[in-house]
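Just below is one structure, and these are the notes that go with it.
Here is the naming used below: chain letters follow the sequence lines, and residue numbers restart at 1 for every chain.
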Amino acid sequence: MKVGVVGASGYVGGELLRLLSTHPDVELNMVTSRTYAGEYVHRIHPSLKGFIDLTFSPLNIDKLTENDLVFTSVPHGKALEIVKRLYDAGVKVIDLSADYRLKNPKAYVEYYGYEHPYPEMLLKSVYGIPELHREEIRNARLISSPGCMAVTSLLGLAPLLKNNLVDTKHIIVDSKIGSSGAGGKPSASTHHAMRAGVIRPYKPVKHRHTAEIEQELSIIAKEDVKISMTPHAVDLVRGILCTNHTFLTKEVDIQQLWKIYRGMYKGEPFIRLIRDTKGIYKYPDPKFVVGSNFCDIGFDIDEKNNRLVALSASDNLMKGAAGSAIQCMNIVQGFNESNGLKYTPFTPV
Amino acid sequence: MKVGVVGASGYVGGELLRLLSTHPDVELNMVTSRTYAGEYVHRIHPSLKGFIDLTFSPLNIDKLTENDLVFTSVPHGKALEIVKRLYDAGVKVIDLSADYRLKNPKAYVEYYGYEHPYPEMLLKSVYGIPELHREEIRNARLISSPGCMAVTSLLGLAPLLKNNLVDTKHIIVDSKIGSSGAGGKPSASTHHAMRAGVIRPYKPVKHRHTAEIEQELSIIAKEDVKISMTPHAVDLVRGILCTNHTFLTKEVDIQQLWKIYRGMYKGEPFIRLIRDTKGIYKYPDPKFVVGSNFCDIGFDIDEKNNRLVALSASDNLMKGAAGSAIQCMNIVQGFNESNGLKYTPFTPV
Amino acid sequence: MKVGVVGASGYVGGELLRLLSTHPDVELNMVTSRTYAGEYVHRIHPSLKGFIDLTFSPLNIDKLTENDLVFTSVPHGKALEIVKRLYDAGVKVIDLSADYRLKNPKAYVEYYGYEHPYPEMLLKSVYGIPELHREEIRNARLISSPGCMAVTSLLGLAPLLKNNLVDTKHIIVDSKIGSSGAGGKPSASTHHAMRAGVIRPYKPVKHRHTAEIEQELSIIAKEDVKISMTPHAVDLVRGILCTNHTFLTKEVDIQQLWKIYRGMYKGEPFIRLIRDTKGIYKYPDPKFVVGSNFCDIGFDIDEKNNRLVALSASDNLMKGAAGSAIQCMNIVQGFNESNGLKYTPFTPV
Amino acid sequence: MKVGVVGASGYVGGELLRLLSTHPDVELNMVTSRTYAGEYVHRIHPSLKGFIDLTFSPLNIDKLTENDLVFTSVPHGKALEIVKRLYDAGVKVIDLSADYRLKNPKAYVEYYGYEHPYPEMLLKSVYGIPELHREEIRNARLISSPGCMAVTSLLGLAPLLKNNLVDTKHIIVDSKIGSSGAGGKPSASTHHAMRAGVIRPYKPVKHRHTAEIEQELSIIAKEDVKISMTPHAVDLVRGILCTNHTFLTKEVDIQQLWKIYRGMYKGEPFIRLIRDTKGIYKYPDPKFVVGSNFCDIGFDIDEKNNRLVALSASDNLMKGAAGSAIQCMNIVQGFNESNGLKYTPFTPV
Amino acid sequence: MRKVNCPECDGEIKVPDDAVKGEIVACPDCGANYEIEEIGKEIKIKPAESVGEDWGE
Amino acid sequence: MRKVNCPECDGEIKVPDDAVKGEIVACPDCGANYEIEEIGKEIKIKPAESVGEDWGE
Ligand SMILES: NC(=O)c1ccc[n+]([C@@H]2O[C@H](COP(=O)([O-])OP(=O)(O)OC[C@H]3O[C@@H](n4cnc5c(N)ncnc54)[C@H](OP(=O)(O)O)[C@@H]3O)[C@@H](O)[C@H]2O)c1
Ligand SMILES: NC(=O)c1ccc[n+]([C@@H]2O[C@H](COP(=O)([O-])OP(=O)(O)OC[C@H]3O[C@@H](n4cnc5c(N)ncnc54)[C@H](OP(=O)(O)O)[C@@H]3O)[C@@H](O)[C@H]2O)c1
Ligand SMILES: NC(=O)c1ccc[n+]([C@@H]2O[C@H](COP(=O)([O-])OP(=O)(O)OC[C@H]3O[C@@H](n4cnc5c(N)ncnc54)[C@H](OP(=O)(O)O)[C@@H]3O)[C@@H](O)[C@H]2O)c1
Ligand SMILES: NC(=O)c1ccc[n+]([C@@H]2O[C@H](COP(=O)([O-])OP(=O)(O)OC[C@H]3O[C@@H](n4cnc5c(N)ncnc54)[C@H](OP(=O)(O)O)[C@@H]3O)[C@@H](O)[C@H]2O)c1
Ligand SMILES: [Zn+2]
Ligand SMILES: [Zn+2]
């Protein structure tokens with residue numbers, strides 16, 4: 001199968017290349033970058049030296065239609081046209097941007113500041129979290145890969161909403177994320193001396209991922225769910241932790257929570273439940289998933305305050321982006337769902 | 001004035017030494033450590049080489065009573081007797097542990113696992129946050145310096161509770177803290193290779209600082225306040241950020257919030273309000289207070305969800321511990337409140 | 001093939017488990033730890049949760065002889081007996097400690113402070129760098145895996161000594177290494193708050209790896225080579241950079257150096273030559289090999305001063321330890337040399 | 001005394017502001033930035049919020065002449081004219097760039113790629129290391145503050161050259177430096193995700209600071225000294241370690257070295273000798289000087305190889321830049337040499 | 001240098017002595033921009049369009 | 001090696017073939033300790049006191 005990657009010079013693009021270059025079932029055929037067209041891939045992604053022989057191509061959609069499937073990993077707003085044209089040409093598309101994630105076109109105005117030009121496409125697009133939409137993914141022609149904090153938070157919260165355990169108006173998602181989450185473009189605030197050593201809140205209210213988390217949780221809960229999200233930049237390169245604070249509407253104990261989480265995630269190849277009472281790994285921490293496609297999930301209860309904390313950790317470039325996208329590709333193509341994703345994480349890293 | 005420091009080989013002790021060794025109004029007279037008695041201070045606190053000539057003394061309470069004022073910075077449970085005996089001998093004490101912070105003796109059983117041996121002393125002890133208790137501190141003989149996350153969170157939340165703006169049953173304190181917050185004792189979980197690169201939740205429910213935050217906020221709000229706190233270890237040495245998520249019970253806008261925060265903190269030497277719409281420092285971040293005694297405070301509103309986020313950042317060893325303690329000493333002794341604390345923070349560090 | 005790992009609770013042991021648990025040709029049969037006998041492996045190596053079902057066994061050499069091959073990764077001095085007994089029982093051994101690396105028994109007294117009890121074994125042991133000793137490894141029964149800084153430095157310097165290009169009395173190896181290089185045992189100097197943010201020289205003279213570097217380079221150069229080594233701890237978990245400063249005895253230019261390095265390393269699966277004049281990856285940097293078995297090597301010339309700088313970078317737990325050991329196992333067992341080692345490094349990490 | 005700072009929006013400029021804003025003897029009168037003219041200083045240097053009320057002025061040299069003394073901290077090549085015009089107008093100048101550091105105009109062509117327009121000025125300029133040139137500084141009208149790695153290395157090596165102990169043709173300066181050393185301008189290679197986690201050699205040969213180190217050491221040694229320098233970027237914001245590898249021409253022991261170093265640095269307010277055999281601070285490490293004006297210096301001998309390692313550590317923005325410049329200002333103005341520089345470093349930070 | 005308080009956050013906005021009517025001044029605390037409406041014994045300011053400047057994410 | 005499910009979290013607890021009655025086994029997921037009550041065709045376990053071991057804060 002011939003595969004192309006648009007926006008291959010970015011961080012998500014680079015991670016897609018890392019995974020695709022050793023994937024047993026695909027041929028990496030075309031990787032585009034406007035800025036680095038003609039340049040060897042390893043000049044931009046040094047670690048890939050020796051793995052990929054290709055040079056970047058300019059962004060030529062006609063040529064891209066020679067592929068069976070194309071990943072688009074460009075900034076939001078910039079994927080709108082590219083995806084539409086590839087889709088219309090019959091190419092399967094997995095879009096890593098936000099441009100086809102939301103079902104409600106009005107949400108694009110509110111959260112992204114643009115009027116969506118192809119609202120009818122939004123319903124054709126499948127939200128690419130296998131744990132939530134595996135069957136729809138199998139038959140999709142357009143898959144919209146989730147936001148990195150969104151997928152991490154959603155996997156932590158979904159079992160609670162599915163079981164109607166929590167107050168849907170007081171859910172706080174406090175997330176912490178490494179610098180690769182902001183992509184590869186330098187700026188004053190990503191300059192190392194300014195970005196190192198921070199615990200920097202940004203968009204403490206109205207963060208864009210709110211929209212997709214609310215959309216998906218409302219489907220699961222079958223009612224209107226409100227999310228209060230605050231992300232923080234921390235001094236890491238890869239990794240997300242979502243601390244999902246919720247308030248219980250029913251009484252529940254730890255044993256029941258184990259059952260609820262196991263019930264939803266039994267057999268999932270990339271979910272690990274982490275809630276130990278011994279050792280140093282008692283709750284999820286992105287340190288122990290870096291480089292892998294895992295989302296580690298844990299939980300705890302504060303009886304005094306009826307609070308339930310659901311913790312979820314992922315590598316933002318893997319389960320948070322390229323890993324999820326490859327998993328979706330495997331499903332849609334009927335490959336083994338773990339192919340190309342068998343990366344064991346590290347102790348220590 | 002002669003000053004002693006008990007537990008001077010610890011991180012808080014070391015920071016006290018740093019501040020006291022150049023304080024214009026005190027003579028640093030005696031610094032104790034059981035483990036390092038007889039050893040030069042700079043062997044344990046290398047940066048202080050050239051600043052302090054003293055060697056550590058063994059912990060001898062009789063000798064300590066020769067001081068006018070003693071700081072105790074030993075683990076909780078271990079200050080109980082030391083403080084009591086010094087107090088009874090007429091020495092002023094500023095205790096950095098939790099042993100005299102809570103007014104309700106039962107809270108010690110619940111949160112610290114011990115029966116408090118001197119419950120009557122709890123009412124004599126003043127909780128050492130000048131912004132909340134300056135007048136009481138002025139006349140105190142025993143000051144109990146607050147927990148590092150507690151003071152940081154409290155300073156961010158106090159104006160809201162004082163003005164009865166928020167739902168007192170749905171306050172989430174999500175805090176992030178550097179490794180010095182856990183003190184200087186090595187363990188498997190503080191070993192660099194295991195501690196670096198983490199976003200590690202610990203005690204996601206029932207953290208001990210909950211008790212003192214609830215105590216102080218309940219006084220301020222004049223009603224029973226509940227706090228839901230989850231701390232996280234991040235890959236930093238110094239610094240705390242508290243993200244205080246609250247839900248509004250009244251309508252309020254940003255302009256009113258400015259007024260409320262300015263109203264409470266006008267003239268405070270160590271509070272800075274940070275809520276900018278330009279530049280890279282839009283909200284509090286401990287990066288820009290490291291080494292100083294500031295608590296930087298900011299806020300934002302999520303109208304859609306009636307949420308108010310109050311952000312507060314400090315250096316856990318300064319405003320979070322030794323800095324607050326010195327500030328209290330200055331007040332109780334009638335010194336200029338900023339003496340010994342005039343450290344400008346760094347850009348960048 | 002049945003494989004055992006002694007010292008499996010350590011960092012090198014854990015990395016061996018990571019690699020062996022997905023190696024296509026081996027059965028991981030027994031993993032020992034004295035301290036954690038009976039405990040699940042993932043309690044000590046959290047990232048391996050889901051990959052290894054085993055619990056640690058106590059260190060029982062008789063039971064270990066049921067394996068075809070055993071890796072020993074215990075502190076130096078502690079492998080002496082274990083290796084000898086396994087060897088005598090006919091088991092193949094790959095020892096990760098220094099106990100069988102040096103040919104000259106006297107060097108053990110000088111550098112390690114002990115009299116080697118089995119000097120005759122030293123000649124039977126093969127020094128496990130495939131790029132230098134592949135044929136001997138193929139037929140070995142005892143392989144001694146190199147020190148992490150030693151192998152990294154050696155791979156950078158070998159081509160120069162082989163071609164007798166440099167002054168053998170003025171070779172400086174200035175190396176920088178992450179905290180995992182010191183193993184998993186906590187101490188005051190590895191405590192995160194003290195170990196973070198350092199550029200800490202240690203053993204600036206007489207470091208133990210000097211002995212093995214001198215041994216191997218002297219063989220290659222066919223003369224007595226002296227190494228001046230100074231290692232530094234830096235604020236990283238994984239990774240080594242060796243800056244090998246040499247002085248030229250012959251005139252040589254960059255083009256000739258390319259020929260010399262390519263000549264020696266052509267076809268080597270885990271050597272990459274890095275000397276670019278474009279992009280950000282101009283010289284080796286461990287950042288771009290982390291998690292992989294590569295040693296990246298580069299060079300530059302200072303004509304004014306007749307100096308040649310050879311730079312070499314590796315992941316200390318991979319090419320610097322477990323990766324090299326697995327590569328040796330593959331050779332000695334006749335497996336594909338890259339099996340179990342196909343880990344692509346990351347951009348960024 | 002009225003003082004101005006040109007290039008005040010840069011990292012060195014910001015550090016000058018930090019020091020000057022609390023300096024007892026000066027009035028900070030004018031701070032320039034082309035890009036941020038009109039903007040408040042704390043928008044660029046967030047930590048200074050509350051310390052400086054000024055806004056940046058555009059770069060107007062006529063206005064700058066109203067000052068008694070001006071610091072220029074702009075990129076090399078850009079200070080040439082500014083310094084000349086201020087000097088000609090009778091203003092004292094302390095230049096932080098390299099434009100007036102070298103005595104030999106030809107060296108500017110070789111190392112900086114430009115023909116120096118005012119070669120006669122080079123001899124009027126005094127090289128601003130008080131430990132080497134205090135008397136000349138006292139009477140200077142133009143002081144050229146040293147390069148950050150240059151001053152650090154020089155202070156470590158000077159006593160050896162002064163005592164003619166080492167081979168002047170085989171001196172290796174292997175230095176490691178944090179990201180603030182490269183200034184505040186974002187680029188692909190300083191973007192956090194690419195700059196974090198590195199041990200990145202850059203300019204392994206022919207680094208510009210070579211010229212000034214050779215110039216100064218040749219004066220001290222009274223012979224032509226050659227330096228082989230290789231700098232490395234490490235994952236820190238502030239701090240430099242220079243590992244100065246030398247080969248002995250005379251026999252010398254540790255006791256004699258103590259004498260030699262003490263002999264040269266006795267009474268120096270900002271030099272600390274660090275060579276301990278106990279504790280964790282055995283050799284210099286920038287961790288323990290961060291924020292202060294110290295240069296910590298240590299040494300060790302490798303008898304087997306006639307090697308002497310001199311280690312020196314500083315904060316690149318303090319002793320490596322702004323701190324040295326303020327120290328020079330204090331000397332030239334007859335202030336107490338430590339004024340404005342009394343910052344105790346931290347344990348831990 | 002004269003000062004005027006920010007209507008939004010009550011911060012102290014500095015107004016240069018040579019400032020003229022129509023000039024834009026900004027608040028040091030909240031970043032709001034104001035146009036100088038009147039500059040006599042008293043200084044009057046009114047909200048001005050923010051340039052929406054952002055030096056990074 | 002036989003297995004028994006953890007009553008708390010449903011994790012798979014490994015029971016060595018040579019295990020005997022009274023022996024303590026621990027759950028790999030939630031860390032709970034159990035004592036082997038019966039070991040025949042079926043394995044029965046009951047909660048045991050946790051050693052309260054903690055390898056760090
Ligand atoms: N980073 C994460 O953790 C993460 C996680 C999940 C989803 N995402 C999403 O994935 C997408 C890519 O993110 P990233 O982090 O990889 O960003 P990035 O590093 O900035 O890369 C962006 C890529 O898009 C290309 N590009 C930029 N502007 C373009 C335009 N106008 N038209 C076509 N191509 C353009 C760039 O290449 P050239 O300029 O060379 O053409 C580059 O290859 C974004 O939509 C992001 O929101 C990111
Ligand atoms: N770290 C922070 O950010 C922070 C902030 C606010 C408050 N605090 C509180 O301040 C106190 C000290 O914290 P730390 O971080 O400095 O801890 P630390 O680094 O572990 O230091 C503890 C000190 O207490 C001494 N000590 C330990 N056990 C003792 C005992 N049984 N009797 C007498 N002395 C004993 C130790 O010295 P020897 O063993 O040598 O005698 C050492 O000097 C704690 O109560 C902590 O909760 C800490
Ligand atoms: N770390 C590196 O980068 C690196 C690289 C190359 C080579 N090495 C070498 O590899 C070996 C292991 O290093 P490491 O970093 O993995 O160290 P580590 O993390 O400290 O692990 C040491 C292991 O040895 C076991 N052990 C300790 N004392 C023992 C004894 N007396 N008898 C039997 N077992 C004992 C320990 O387990 P229990 O105490 O539970 O039994 C543990 O599993 C060392 O020889 C080291 O020099 C390390
Ligand atoms: N960073 C260190 O550790 C260090 C140590 C010792 C010496 N130095 C030297 O100190 C100087 C400043 O370094 P830095 O690290 O502060 O760099 P920086 O952060 O890049 O700052 C450079 C400053 O110069 C100004 N500038 C840039 N181009 C200019 C031009 N053409 N004309 C006038 N002003 C210009 C910039 O402001 P605007 O663009 O806003 O005008 C900025 O204020 C350099 O010469 C550097 O080599 C640096
Ligand atoms: Zn304002
Ligand atoms: Zn269980």
Task: Separation of C/Met194 CE from B/Thr190 OG1 (nearest 0.5 Å) - done: 12.0 Å
TODO: Evaluate whether atom CZ of C/Phe51 has more than 12 neighbouring non-hydrogen atoms of other residues, nucleotides or ligands under 6.0 angstrom away.
DONE: yes
- [ ] Quick one: sort the C/Tyr11 and B/His191 rings into parallel, tilted or perpendicular, breaks at 30° and 60°.
- [x] tilted
- [ ] Measure distances from C/Ser187 to the heavy atoms of chain B and classify the residue's part below 4.5 Å as side chain, backbone, both or neither.
- [x] backbone
TODO: Provide the closest heavy-atom pair for C/Pro186 versus B/Pro186 in the form atom of the first, atom of the second, distance.
DONE: CB-CB, 4.3 Å
Task: Distance-minimising heavy-atom pair for C/Val237 and B/Ala196 - done: CG2-CB, 3.8 Å
Task: Heavy-atom closest contact (C/Asp235 atom, B/His192 atom, distance) - done: OD1-NE2, 2.9 Å
